[in-house]
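What follows is one structure encoded as C-alpha cells, with my remarks underneath.
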Amino acid sequence: MNSVHDMGGMHGMGPIEYDKNEGAFHEPWEGRAWALISSAGAFSRGRRKNFRFELESIPAADYLRMSYYERLIKTMLDRLLAGKFITQAELDSGKPDPGSPRGTPPLTPAMVEDLFRRRGSLRRDDVRVPARFKNGQQVRARNINPVGHTRLPRYLRGKRGTVTHDHGVFNLQDTDAGGYPLGNSPQHVYTVRFDASEVWGPDGGKRDVIFADLWESYLDRA
Amino acid sequence: MNSVHDMGGMHGMGPIEYDKNEGAFHEPWEGRAWALISSAGAFSRGRRKNFRFELESIPAADYLRMSYYERLIKTMLDRLLAGKFITQAELDSGKPDPGSPRGTPPLTPAMVEDLFRRRGSLRRDDVRVPARFKNGQQVRARNINPVGHTRLPRYLRGKRGTVTHDHGVFNLQDTDAGGYPLGNSPQHVYTVRFDASEVWGPDGGKRDVIFADLWESYLDRA
Amino acid sequence: MLAHSGVGQAQEPRDRVQQAVPSDPALRVKALESLLVEKGMVNPATLDAIIETYETKVGPRNGARVVAHAWVDPAFKKRLLSDGTAAIAELGYGGSQGEHMVVLENSAKVHNLVVCTLCSCYPWPVLGLPPTWYKSAPYRSRAVIDPRGVLREFGLQLPDDVEVRVWDSTADVRYLVLPERPAGTEAMTEDQLAALVTRDSMVGVAKVTVAAGGTA
Amino acid sequence: MLAHSGVGQAQEPRDRVQQAVPSDPALRVKALESLLVEKGMVNPATLDAIIETYETKVGPRNGARVVAHAWVDPAFKKRLLSDGTAAIAELGYGGSQGEHMVVLENSAKVHNLVVCTLCSCYPWPVLGLPPTWYKSAPYRSRAVIDPRGVLREFGLQLPDDVEVRVWDSTADVRYLVLPERPAGTEAMTEDQLAALVTRDSMVGVAKVTVAAGGTA
C-alpha cells in the first residue's frame with residue numbers, strides 16, 4: 001500500500017521533536033494505552049487482518065495527525081467492534097450495555113512476565129527452501145505497487161543493491177487488498193545494501209549507504 | 001521537495017468526494033477567499049519566493065487537513081506578514097493597529113477584466129535554445145530528490161518514456177532550498193509518454209499510459 | 001464525564017477535527033476581509049467583481065461552446081486539435097492559465113483524463129476554477145496509478161480495450177478534453193449541443209450523454 | 001467577534017487543531033480502560049504489571065549492560081557481532097521484538113543509524129519501547145534520505161570521511177548499535193561503563209561521552 005506510512009525519503013514532516021530525557025512513556029496515559037493494547041490483544045474473532053495493514057489503512061491526514069498510541073488505540077477499537085466484543089453504544093456512553101455479560105480478564109498479572117518472554121519469530125526453521133541469492137550478489141528491488149500491505153518501501157523499488165546477509169526463511173507478510181495474508185509463502189529474507197547515490201541520485205550522500213531486509217520475492221537478479 | 005503535495009501514486013487518501021452540481025465555488029466563503037487572494041496578490045516586497053514552494057512547505061499533516069483555499073489563505077497571510085503589510089497583532093485583533101496608515105487598494109473593479117485577460121506565459125519565445133530531444137526519442141526521467149521546488153514528480157523519476165511533443169522554451173521553475181528560483185534557465189519542455197507498466201510495474205494497467213510535461217534538464221537519453 | 005470524554009471518538013478522527021475547529025473558515029475569511037478593507041488594501045467592490053466574473057463569465061460554459069463548435073465545424077475541430085490556444089482564442093477565450101492549451105480528443109478507443117498531481121493546475125479560461133474533487137488528495141493521488149478505478153468512482157466503466165491516457169499537468173500546458181459527440185444529436189443546434197457538455201466531460205471523468213446535460 | 005473569530009489562526013494550523021481536540025487522549029484512554037474493566041475484559045492489576053515491567057525491567061539499561069560487557073570482554077564482543085541474539089541471551093535478555101538481533105559496531109570510520117521507515121520496529125528486550133521521536137514522521141522520513149542532517153539535529157556532526165550506514169528495519173531483524181567506547185574510560189568498571197551508555201547511542205543518533213551519561 002503506497003500510503004503515507006511508507007514515508008522513507010519524504011520531506012516536509014517538520015523538525016525532529018527530541019526529548020533527551022524521555023522515559024519508557026512520554027506521558028503517563030501512553031503507558032495505560034500501551035498496557036490496554038497489550039492486554040486486549042487476546043480479543044479477536046474470525047480471520048485476522050494483518051495489524052500493520054490496519055494501521056496503514058488509517059486515512060493519510062489522520063495518520064499524520066495521530067500519535068503512535070492513538071493509532072494503536074484506534075485499530076484496537078476497530079477490532080473490538082468488528083469482533084462484537086464491545087458495541088458502539090458502549091463506546092458512546094462509556095458504560096457496558098444493560099444486561100451485557102461480565103467476562104473474566106484472560107490476562108492476569110502473573111502472566112505478564114511470560115508475555116514479555118514470548119518469542120514470536122516468523123522464521124520458518126521447519127522448512128527447507130533453497131536460497132536464490134547469495135552474499136555479494138547484485139539484485140534489483142522489483143517495481144511493485146500493491147494495494148495490500150508490503151514491506152518493500154517505495155524508495156527502494158527499482159533500485160539496485162548487493163546482498164550482504166541471508167537471514168534464513170520467513171513467512172511473507174504481504175497481504176491482499178483486504179488486509180488478509182496472501183498465503184503461506186516461506187522464503188529467504190536478505191539484507192541488501194544500497195548506495196545512497198543509487199537510491200537518491202545526485203542528491204544522495206556520497207558516503208551514505210542504506211541497508212534493508214527484503215523478502216526474496218521482492219528481488220530480481222540485477 | 002518530496003513532500004506530500006507530490007502525491008501521484010499514493011494510496012490511502014480516501015474516496016473521491018464528488019459533487020456533480022458544484023458551481024464556481026463550493027461554498028460562498030471560498031469565493032470571498034479566492035477574490036481576496038487574487039486582489040491581495042499585488043502586496044509583495046523584496047525577492048519573491050516561488051508560490052508553489054510556499055504551498056508545498058506547509059507541513060504534511062496540515063497540508064492534507066487543509067482545503068485548497070485554506071492553504072492559499074495561509075500562504076497569503078505568511079507573505080503579508082513577511083512583507084510587513086500586516087502585523088500579527090492585527091491578525092489577532094482583527095483591527096488595524098492604532099495609528100497605522102490607511103492605503104488605497106491598488107486593484108479597482110475596472111481592472112478585474114484585465115486581470116483575467118492577462119497572459120502570464122513563462123514561454124521564452126525571445127531566446128533560441130537548441131532542443132536536445134525530438135519526438136519519438138526515448139528518454140529517462142532523472143532520479144533527483146531536491147529539497148527545493150521541482151516539477152518532476154517522484155513517481156516518474158528513473159522511468160523511461162517517449163517524447164511526443166516539444167512545447168518550446170520555458171524558464172525552469174525549480175527553486176533552491178529556500179524557495180528562490182535556481183536561476184534563469186530557459187530550456188525546452190517536452191510532453192513525455194510513459195507506459196503505466198513502466199511506471200507501476202505489474203500493478204500498472206496494461207492499456208494505460210501517462211503523459212507529463214517535463215523540462216529538458218529532467219531528462220536523460222535512454 | 002464518560003459520555004463527554006468521548007471514548008468512541010477515536011473511531012472518527014476526521015469528523016472530530018472538523019467539528020473542533022474553533023471558528024469555521026467562513027468566519028475567518030470574513031474577518032480577514034474586513035481587516036484588509038479597513039487597512040485600505042483591498043476594495044470590496046473589486047472582490048465582488050472577481051467573484052461575479054467566475055460565476056458568470058469564466059467557467060465551463062466557455063469550454064462547452066468550444067466543444068460544441070468543434071462538433072459542428074470540422075475545420076475548427078482540426079485547428080483546435082493542432083493549436084488549441086489559437087482555436088480557442090477564435091471564440092474569444094484566453095488569458096491566465098490558458099496560455100498554452102492542448103485539446104485531447106476522446107473516441108471509442110481512446111479515453112483522456114486530466115489531472116495535476118502536484119497541485120491543481122486547470123485551464124481557467126475554458127473551465128473556470130477547478131471543482132473541489134479535482135483539487136483534493138483522492139483524485140490527485142489515484143488518477144495516475146488507478147485511472148480506471150477513479151473513473152468507476154465517477155460512474156464511468158470503460159471497456160478493457162479502451163486505451164486510457166492520463167495527462168499530468170506538470171508544466172505550463174493546460175489540457176481540455178474534447179468528449180465524443182453522443183449519438184442522437186444530429187438534429188441539434190450548436191447551442192443545444194453546448195448545453196449537453198458538462199465540465200466533468202471536459203476533464204475526462206464523464207462522457208457526454210443526451211440525458212445528462214446539467215450544471216457540472 | 002473579530003478577536004474570537006481568530007483571523008490569525010490560519011498561521012498556526014497545527015496548534016489550532018491540538019487545542020481544539022475536545023477531550024485529550026488521556027481522558028479518552030481513561031474512559032476506555034474503565035469500560036473494558038467493567039466489562040471484565042482487562043484486569044487493572046495486569047495493566048499495572050505491564051507498565052511496571054517497561055518502567056523497571058525492559059528498557060535501555062538492558063542494552064547498556066550488553067554494550068558495557070562487550071567493551072570489557074573481547075570474546076563476548078566477537079560473539080555479539082557474529083550472533084547478536086545468542087550473545088544477548090547470555091546476559092538474560094530476549095523475547096518479543098528481539099528474536100533476530102543484529103548488532104552493528106560504530107567506529108571512527110563507520111557510523112550506523114537505525115530506523116523503521118514503515119512503522120516503528122525497535123528491539124524491545126534491549127531498548128524497551130521506542131521514544132516518541134523514533135516513532136514520528138520527521139525521523140522516519142528523513143533518516144534514509146538525509147542521515148547526516150538528521151544527526152546534526154541530534155547535535156552530532158560527523159566528519160565527511162565517515163561512512164554513514166542507515167539500517168531500515170523492514171523485516172523481522174532488529175538492530176542494536178554498539179557505540180564506540182569513549183577515551184578516558186580505561187579505569188572504569190563494567191557498571192560504571194554501563195551508566196555512560198545512552199539509549200540514543202544504541203539507536204545511533206548519539207555517541208557515548210564520559211560527560212553525557214544520562215537517562216536517555
Which atoms of [X] are under 4.5 Å from chain A, going by heavy atoms: the side chain, the backbone, both sets, or neither?
| X | answer |
| --- | --- |
| D/T85 | side chain |
| D/V102 | side chain |
| D/Y175 | side chain |
| D/L36 | side chain |
| D/N112 | neither |
| D/V58 | side chain |

Part of [X] lying under 4.5 Å from any heavy atom of chain D:
| X | result |
| --- | --- |
| A/V209 | both |
| A/R71 | side chain |
| A/F116 | both |
| A/A196 | neither |
| A/S121 | both |
| A/L156 | neither |
| A/M1 | neither |
| A/P28 | neither |
| A/R117 | both |
| A/F25 | side chain |

Between [X] and [Y]: side-chain donor-acceptor atoms closer than 3.5 Å:
| X | Y | value |
| --- | --- | --- |
| D/T170 | A/D213 | no |
| A/E22 | D/T132 | yes |
| A/Q173 | A/H149 | no |
| A/Q187 | A/S185 | yes |

Problem - Note, D/R140 side chain near A/M13 side chain (heavy atom, < 4.5 Å) - result: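 Not in contact.
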Handout entry: Among A/F43, A/W215, A/W200, residue most engaged with chain D (heavy-atom pairs, under 4.5 Å)
Key =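 Most heavy-atom pairs within the cutoff with chain D belong to A/W200.
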Problem - Most contacts with chain D, counted as non-hydrogen pairs under 4.5 angstrom, among A/G31, A/G103, A/A40 - result: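 It is A/G103.
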[X] side chain vs [Y] backbone, donor-acceptor pair below 3.5 Å:
| X | Y | result |
| --- | --- | --- |
| A/E90 | A/T87 | yes |
| A/S3 | A/H5 | no |
| A/Y190 | A/F133 | yes |

Problem - Sub-6.0 Å ring centroid separation between A/F211 and A/H165 - result: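 No: the rings miss the under 6.0 Å criterion.
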Exercise for the section: Count the heavy-atom pairs under 4.5 Å between each of D/E55, D/R148, D/H111 and chain A, then report the option with the highest count. Expected result: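 The candidate making the most pairs under 4.5 Å is D/R148.
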Practice task
In plain terms, say whether D/D48 and A/R32 are close enough for a salt bridge, that is, a side-chain N and a carboxylate O under 4.0 Å apart.
Solution key: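 Counted as a salt bridge, because a side-chain N and a carboxylate O are separated by less than 4.0 Å.
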Practice task
Could you tell me whether A/E113 and D/K57 have a side-chain N and a carboxylate O separated by less than 4.0 Å?
Solution key: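 Salt bridge flag = no for D/K57 with A/E113.
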